[in-house]
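Comments concern the structure below.
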Amino acid sequence: QTARNLYKLYIALTLAEILLLGFAGMPWFDAVCNSFATLAAGGFSPHGLSIMGYQSALVEWIIIFFMFVAGSSFTLQYIALKQGPRAFARDPEFKAYAGIVAVATLLVMVSLAQDPVRGWGEQTLRASLFQVGAILTTTGFATEDFAHWGDSGKIVLLGLMAIGGCAGSAGGGVKVVRSVLVAKYIWREFRRSLTR
(Lines give C-alpha, C1' and ligand atoms only; values in the text may rest on other atoms or scores of the structure.)
Protein backbone atom coordinates (compact mmCIF):
# COMPACT_ATOMS: atom_id res chain seq x y z
CA GLN A 1 0.00 0.00 0.00
CA THR A 2 2.80 2.42 0.90
CA ALA A 3 4.74 1.64 -2.25
CA ARG A 4 1.57 2.09 -4.36
CA ASN A 5 0.88 5.47 -2.78
CA LEU A 6 4.46 6.66 -3.33
CA TYR A 7 4.32 5.53 -6.97
CA LYS A 8 1.11 7.50 -7.44
CA LEU A 9 2.71 10.59 -5.93
CA TYR A 10 5.81 10.19 -8.11
CA ILE A 11 3.74 9.74 -11.28
CA ALA A 12 1.53 12.73 -10.42
CA LEU A 13 4.58 14.96 -9.88
CA THR A 14 6.12 13.78 -13.15
CA LEU A 15 2.92 14.47 -15.10
CA ALA A 16 2.59 17.91 -13.47
CA GLU A 17 6.12 18.84 -14.50
CA ILE A 18 5.61 17.57 -18.06
CA LEU A 19 2.49 19.72 -18.44
CA LEU A 20 4.09 22.82 -16.89
CA LEU A 21 7.21 22.56 -19.05
CA GLY A 22 5.17 21.88 -22.18
CA PHE A 23 2.90 24.88 -21.60
CA ALA A 24 5.99 26.99 -20.78
CA GLY A 25 7.16 26.48 -24.37
CA MET A 26 9.47 23.49 -24.14
CA PRO A 27 8.97 20.90 -26.91
CA TRP A 28 6.79 18.10 -25.53
CA PHE A 29 9.38 15.37 -26.13
CA ASP A 30 11.96 17.43 -24.24
CA ALA A 31 9.40 18.15 -21.50
CA VAL A 32 8.91 14.41 -20.98
CA CYS A 33 12.65 13.66 -20.96
CA ASN A 34 13.54 16.58 -18.68
CA SER A 35 10.73 15.70 -16.26
CA PHE A 36 11.91 12.11 -16.00
CA ALA A 37 15.45 13.39 -15.42
CA THR A 38 14.35 15.97 -12.81
CA LEU A 39 12.21 13.77 -10.56
CA ALA A 40 14.73 10.93 -10.74
CA ALA A 41 17.57 13.42 -10.08
CA GLY A 42 19.32 12.08 -13.18
CA GLY A 43 19.92 15.35 -15.01
CA PHE A 44 20.24 13.94 -18.52
CA SER A 45 18.64 16.57 -20.75
CA PRO A 46 18.06 15.85 -24.45
CA HIS A 47 19.42 19.32 -25.23
CA GLY A 48 23.17 19.46 -25.72
CA LEU A 49 23.43 22.61 -23.57
CA SER A 50 21.26 21.15 -20.80
CA ILE A 51 18.57 23.55 -19.50
CA MET A 52 20.71 26.51 -20.61
CA GLY A 53 19.77 25.63 -24.18
CA TYR A 54 16.10 26.51 -23.74
CA GLN A 55 16.81 30.16 -22.83
CA SER A 56 13.67 30.39 -20.68
CA ALA A 57 13.46 31.81 -17.17
CA LEU A 58 10.04 30.19 -16.67
CA VAL A 59 11.41 26.75 -17.58
CA GLU A 60 14.25 27.27 -15.11
CA TRP A 61 11.88 28.24 -12.27
CA ILE A 62 9.70 25.18 -12.94
CA ILE A 63 12.72 22.88 -12.85
CA ILE A 64 14.06 24.59 -9.71
CA PHE A 65 10.79 23.76 -7.93
CA PHE A 66 10.77 20.13 -9.03
CA MET A 67 14.47 19.64 -8.24
CA PHE A 68 13.72 20.86 -4.71
CA VAL A 69 10.81 18.41 -4.53
CA ALA A 70 12.97 15.56 -5.85
CA GLY A 71 15.58 16.26 -3.17
CA SER A 72 13.06 16.05 -0.32
CA SER A 73 11.57 12.86 1.11
CA PHE A 74 8.71 11.44 -0.96
CA THR A 75 7.36 9.77 2.17
CA LEU A 76 7.22 13.16 3.89
CA GLN A 77 5.42 14.61 0.87
CA TYR A 78 2.80 11.86 1.08
CA ILE A 79 2.38 12.51 4.82
CA ALA A 80 1.99 16.23 4.08
CA LEU A 81 -0.79 15.43 1.59
CA LYS A 82 -2.64 13.60 4.38
CA GLN A 83 -1.81 15.83 7.36
CA GLY A 84 -1.23 19.21 5.73
CA PRO A 85 1.87 21.32 5.13
CA ARG A 86 2.66 21.48 8.87
CA ALA A 87 4.28 18.06 8.37
CA PHE A 88 7.15 19.82 6.61
CA ALA A 89 7.61 22.25 9.50
CA ARG A 90 7.75 19.37 12.01
CA ASP A 91 10.39 17.39 10.11
CA PRO A 92 13.95 18.25 11.24
CA GLU A 93 15.59 16.86 8.10
CA PHE A 94 13.37 18.90 5.79
CA LYS A 95 14.02 22.05 7.82
CA ALA A 96 17.77 21.41 7.57
CA TYR A 97 17.42 20.74 3.82
CA ALA A 98 15.49 23.97 3.22
CA GLY A 99 17.97 25.87 5.38
CA ILE A 100 20.94 24.49 3.45
CA VAL A 101 19.31 25.53 0.16
CA ALA A 102 18.58 29.04 1.47
CA VAL A 103 22.03 29.66 2.97
CA ALA A 104 23.92 28.16 0.02
CA THR A 105 21.86 30.21 -2.44
CA LEU A 106 22.59 33.39 -0.50
CA LEU A 107 26.33 32.63 -0.40
CA VAL A 108 26.44 31.90 -4.13
CA MET A 109 24.44 35.07 -4.84
CA VAL A 110 26.92 37.14 -2.84
CA SER A 111 29.73 35.61 -4.90
CA LEU A 112 27.98 36.22 -8.23
CA ALA A 113 26.89 39.76 -7.34
CA GLN A 114 30.55 40.80 -7.13
CA ASP A 115 30.42 40.92 -10.92
CA PRO A 116 29.26 44.50 -11.71
CA VAL A 117 27.68 43.37 -14.98
CA ARG A 118 25.51 40.80 -13.18
CA GLY A 119 24.78 42.59 -9.88
CA TRP A 120 21.82 41.71 -7.67
CA GLY A 121 18.56 40.73 -9.30
CA GLU A 122 16.22 37.98 -10.41
CA GLN A 123 18.70 36.48 -12.87
CA THR A 124 21.39 36.20 -10.19
CA LEU A 125 18.91 34.65 -7.75
CA ARG A 126 17.70 32.19 -10.40
CA ALA A 127 21.23 31.18 -11.44
CA SER A 128 22.27 30.69 -7.82
CA LEU A 129 19.18 28.75 -6.79
CA PHE A 130 19.26 26.57 -9.90
CA GLN A 131 22.88 25.48 -9.48
CA VAL A 132 22.50 24.99 -5.73
CA GLY A 133 19.50 22.74 -6.36
CA ALA A 134 21.17 20.86 -9.21
CA ILE A 135 24.32 20.16 -7.18
CA LEU A 136 22.68 19.45 -3.80
CA THR A 137 20.11 17.02 -5.21
CA THR A 138 22.70 15.51 -7.62
CA THR A 139 20.39 16.25 -10.54
CA GLY A 140 23.25 17.79 -12.47
CA PHE A 141 21.36 20.14 -14.80
CA ALA A 142 23.08 23.38 -15.77
CA THR A 143 21.96 26.85 -16.82
CA GLU A 144 25.44 28.38 -16.71
CA ASP A 145 29.04 27.23 -16.87
CA PHE A 146 29.86 27.66 -13.20
CA ALA A 147 33.53 26.90 -13.93
CA HIS A 148 33.74 30.62 -14.73
CA TRP A 149 32.25 31.66 -11.38
CA GLY A 150 34.35 33.02 -8.53
CA ASP A 151 36.16 30.64 -6.20
CA SER A 152 33.85 31.32 -3.24
CA GLY A 153 30.79 30.26 -5.25
CA LYS A 154 32.53 27.11 -6.48
CA ILE A 155 33.58 26.20 -2.91
CA VAL A 156 29.93 26.39 -1.80
CA LEU A 157 28.89 24.08 -4.67
CA LEU A 158 31.72 21.68 -3.81
CA GLY A 159 30.49 21.50 -0.22
CA LEU A 160 26.95 20.75 -1.40
CA MET A 161 28.21 17.75 -3.37
CA ALA A 162 29.14 16.09 -0.09
CA ILE A 163 25.63 16.50 1.36
CA GLY A 164 23.07 15.35 -1.20
CA GLY A 165 19.30 15.18 -0.82
CA CYS A 166 17.07 13.97 2.00
CA ALA A 167 16.65 10.34 2.99
CA GLY A 168 13.79 8.85 1.00
CA SER A 169 14.36 11.22 -1.92
CA ALA A 170 15.64 10.70 -5.45
CA GLY A 171 18.76 12.74 -4.65
CA GLY A 172 22.10 11.04 -4.15
CA GLY A 173 24.92 11.87 -1.78
CA VAL A 174 25.43 11.15 1.90
CA LYS A 175 21.94 12.53 2.68
CA VAL A 176 21.02 15.55 4.76
CA VAL A 177 20.07 13.55 7.86
CA ARG A 178 23.55 12.01 8.10
CA SER A 179 25.21 15.37 7.54
CA VAL A 180 23.08 16.89 10.32
CA LEU A 181 23.93 14.04 12.70
CA VAL A 182 27.66 14.39 11.98
CA ALA A 183 27.50 18.18 12.48
CA LYS A 184 25.64 17.75 15.80
CA TYR A 185 28.13 15.15 16.98
CA ILE A 186 31.11 17.37 16.09
CA TRP A 187 29.49 20.35 17.84
CA ARG A 188 28.77 18.27 20.96
CA GLU A 189 32.35 16.98 21.11
CA PHE A 190 33.68 20.49 20.57
CA ARG A 191 31.59 21.80 23.48
CA ARG A 192 32.65 18.91 25.69
CA SER A 193 36.33 19.57 24.96
CA LEU A 194 35.86 23.23 25.98
CA THR A 195 34.20 22.38 29.31
CA ARG A 196 36.87 19.91 30.43
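Just so you know, these numbers use all the heavy atoms, side chains as well, and skip hydrogens, waters and symmetry mates. These figures come from a predicted structure and were not determined experimentally.
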Legend entry - Test log, rule side chain to side chain donor-acceptor pair (under 3.5 Å), inputs Glu93 and Ser73: CA-CA 9 Å; Glu93 185 185 25; Ser73 169; 5.8 Å; no
Legend entry - Verdict with reasoning, Phe29 to Val32, per side-chain contact (heavy atoms from CB on, under 4.5 Å): CA-CA 5 Å; Phe29 175 78; Val32 170; 5.7 Å; no
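- Looking at heavy atoms from C-beta onward, Met109 lies out of side-chain contact with Leu112 at the 4.5 angstrom threshold.
- Of the possible donor and acceptor atoms, none in the side chain of Thr124 sits under 3.5 Å from a partner among the backbone N and O of Trp120.
- By the criterion of side-chain heavy atoms lying less than 4.5 angstrom apart, applied directly or through intervening Ile, Leu, Val, Met, Phe, Trp or Tyr residues, Trp149 is grouped together with Val103 in one hydrophobic cluster.
- Judged by distance alone, with hydrogens and angles left aside, the side-chain atoms of Tyr10 form a donor-acceptor pair with the main-chain N or O of Ala40 at under 3.5 Å.
- Looking at Ser179, its side chain does come within 3.5 Å of a backbone N or O of Lys175 through a donor-acceptor pair.
- The main-chain N or O of Ala142 is found under 3.5 Å from a side-chain atom of Ser50 such that the two form a donor-acceptor pair.
- For the residue pair Gln123 and Glu60, no side-chain donor N or O sits within less than 3.5 Å of a side-chain acceptor on the partner.
- In this structure, Tyr78 and Leu9 approach most closely via the heavy-atom pair N-CD2, 3.9 Å.
- In this structure, the side chains of Gln131 and Val108 stay at 4.5 Å or more apart for every pair of heavy atoms.
- A single hydrophobic cluster is not seen to contain both Leu13 and Ile79; linkage of ILVMFWY side chains at heavy-atom distances under 4.5 Å, directly or through other members, places them apart.
- Taking 4.5 Å as the limit, every side-chain heavy atom of Phe65 sits out of range of all side-chain heavy atoms of Glu17.
- The heavy-atom pair separating Ala80 from Ala87 by the smallest distance is CA-CB, 3.9 Å.
- Under a hydrophobic-cluster definition in which Ile, Leu, Val, Met, Phe, Trp and Tyr are linked whenever side-chain heavy atoms come within less than 4.5 Å, directly or via other members, Phe88 and Val176 are assigned to the same cluster.
- Between Trp61 and Phe66, the ring centre distance reaches or exceeds 6.0 Å.
- Here the straight-line distance linking atom CG of Leu81 with atom NZ of Lys8 works out to 12.0 Å at 0.5 Å rounding.
- Of the N and O atoms on the side chains of Gln1 and Arg4, at least one donor lies less than 3.5 Å from an acceptor on the other residue.
- With rounding to the nearest 0.5 angstrom, the CD1 atom of Ile18 is 9.0 Å from the SG atom of Cys33.
- The two residues Leu136 and Ile100 have their closest heavy-atom pair at CD2-CG2, 4.1 Å.
- With values rounded to the nearest 0.5 angstrom, Leu19 atom CG is found 11.0 Å from Thr14 atom OG1.
- By the 4.5 Å heavy-atom criterion applied to side chains, Cys166 and Val177 are not counted as neighbours.
- When the ring-ring contact (aromatic ring centres under 6.0 Å, His included) test is applied to Tyr185, no partner is found at least two apart in sequence or on another chain.
- Aromatic pair Tyr97/Phe68: centroids less than 6.0 angstrom apart.
- Arg90 and Pro92 make their closest contact through O-CD, 3.3 Å (heavy atoms, listed as atom of the first residue, atom of the second, distance).
- Heavy atoms only, all atoms of each residue included: Leu21 and Ala31 are closest at CB-CB, 3.8 Å.
- Grouping the Ile, Leu, Val, Met, Phe, Trp and Tyr side chains by contacts below 4.5 angstrom, directly or via other members, places Val59 apart from Leu15.
- Note: Thr138 OG1 to Met161 CE = 10.5 Å, rounded to the nearest 0.5 Å.
- Side-chain contact between Thr137 and Ser169 is absent, with no heavy-atom pair separated by less than 4.5 Å.
- Two residues are said to be in side-chain contact when any heavy atoms from C-beta on lie closer than 4.5 Å; Ser72 and Gln77 meet this criterion.
- Between Ser45 and Asn34, the shortest heavy-atom contact is OG-OD1, 2.9 Å.
- Contact check for Phe146 versus Ile135: side-chain heavy atoms found under the 4.5 Å cut-off.
- If you take CD on Glu144 and CZ on Arg118, they are separated by 4.0 Å, rounding to the nearest 0.5 Å.
- Hydrophobic clustering (side-chain heavy atoms under 4.5 Å, transitive across Ile, Leu, Val, Met, Phe, Trp, Tyr) groups Ile64 together with Leu125.
- Considering CZ of Arg126 and CG of Leu58, their distance stands at 10.0 Å, rounded to 0.5 Å.
- Contact check for Trp28 versus Phe23: side-chain heavy atoms found under the 4.5 Å cut-off.
- Between the Lys154 side chain and the Ala147 main chain, a donor and an acceptor come within less than 3.5 Å of each other.
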